[in-house]
Amino acid sequence: MKTEDRLRPNKGRLLGMTLNELKAVASHVSLPGYTAKQLADWLYKKKVTSIDEMTNISVVKRRLLAEQYEIGAIPPSEAANSSDGTVKYLFTTGDENRSVESVYIPSKDRSTLCVSSQVGCKMNCLFCMTGKQGFSAQLTANEILNQIQSVPENEMLTNIVFMGMGEPFDNTDELFKVLEILTAPYGYAWSPKRITVSTIGIIPGLKRFLNESSCHLAISLHSPYHEERLSLMPVEKAYPIDSVIDLLHSYDFSHQRRISFEYILFEGINDSERHAKDLARLLKGISCRVNLIHFHTIPGVKLKSSNERKMELFRDLLNANRITCTIRTSRGEDIFAACGMLSTAKNNKK
């Protein structure tokens, strides 16, 4: 791809458009209505990078289309490789001075891509480098989907997790476009079971997700107590975890959709037996899993991770209280790609 073709802010980008939006594009350039499905097929099935490759559309019509639109598939600008096989990719956005990171995580039975939904984040969780970066911009559906379509491992992907930079439910309109494209027959046609969206508990977005999507859900919890969680996560003031749990009790998670709770264990803060028992009480009646996560040290934060023995004891207490619990294996820590370590503050300052 030529450098001058990489970013053309005056042109619309087709990648990331829903079928209805593609119908509007077809109408706008005087193409037949059925062309929208052809466009979707080229974009999401054949994954072309140029309008010229759309050979079942006439040359004249392709020229008309190319005058106002481009595909908008931009390859990553950088890649960092971890000793454990994890790869962290850097993507530029519509503003070339702002970038985001995505993480490819291969394992024995799956290949997962962790994608970002915002440049930075507004939520300012104490333990998260993305939050320390602050918020710069919402990602468009094009910029979110481009992370998936443009990684070299695209054809190998088995799972997508929205656990990268940003809070997905703070960018719901663009998120839901991407979820539609990923699961719709005209798009990737993936099963919702292959997709997990993570949130810290933004209730308006959570309600919409529970009503409109069948994808899996992950909620960052980190403490069963209001004041303690508030000290770690400012969102607790607006959306207390008790209110989030009350909402979840209104839905059935025993069938297709799976819900998990993410719980980082901090030494001497939230890793006691009391915490485990009260967490089990809080989650009672919800068919769920708790993932225990190691804290990965970040600059300027004095928190420390609980040791392995403490994590195992915490896990065993939850399992004994009929809450399925596992300890998540850390991946990509040596390239700052592990949970809570993504940040493009340095790149964005350049």
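Within 6.0 Å of NZ in K284 there are 12 or fewer heavy atoms belonging to other residues, nucleotides or ligands. Atom NZ of K37 sits in a sparse spot, with 12 or fewer heavy atoms from other residues, nucleotides or ligands closer than 6.0 Å. In this structure, E273 places its CD atom where only 12 or fewer heavy-atom neighbours from other residues, nucleotides or ligands lie under 6.0 Å away. The local environment of CZ in R63 is sparse, with at most 12 non-hydrogen atoms from other residues, nucleotides or ligands closer than 6.0 Å. Within a 6.0 Å sphere centred on NZ of K47, other residues, nucleotides and ligands contribute more than 12 heavy atoms. By the neighbour-count criterion of 12 heavy atoms within 6.0 Å, atom NZ of K122 is densely surrounded, having more than that number from other residues, nucleotides or ligands.
In this structure the side chain of E236 reaches within 4.5 angstrom of the side chain of H226, judged on heavy atoms.
I264 and L318 end up in the same hydrophobic cluster when Ile, Leu, Val, Met, Phe, Trp and Tyr side chains are linked at under 4.5 Å. F176 and V161 fall into different hydrophobic clusters, where Ile, Leu, Val, Met, Phe, Trp and Tyr side chains are chained together by heavy-atom contacts under 4.5 Å.
Side-chain atoms of S116 do not come within 3.5 Å of backbone N or O of G164 as any donor-acceptor pair. In terms of modelled atom types and a separation under 3.5 Å, the side chain of N291 and the main chain of E262 share no donor-acceptor contact. The main-chain N or O of P32 is found under 3.5 Å from a side-chain atom of T35 such that the two form a donor-acceptor pair.
A salt bridge between D173 and R208 is present, with a side-chain N of the basic residue lying under 4.0 Å from a carboxylate O of the acidic one.
Residue pairs meeting the ring-ring contact (aromatic ring centres under 6.0 Å, His included) criterion with at least one member in residues 19-64, sequence neighbours excluded, do not occur.
Residues H296 and F336 keep their aromatic ring centres 6.0 Å or farther apart. Checked against the 6.0 Å centroid criterion, the rings of F295 and F127 do not qualify as a close aromatic pair.
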Can you list the steps and then say if K177 with E180 is a salt bridge (charged side-chain N to carboxylate O under 4.0 Å, His left out)? CA-CA 5 Å; K177 285 183 187 179; E180 176 182 329; over 6 Å; no
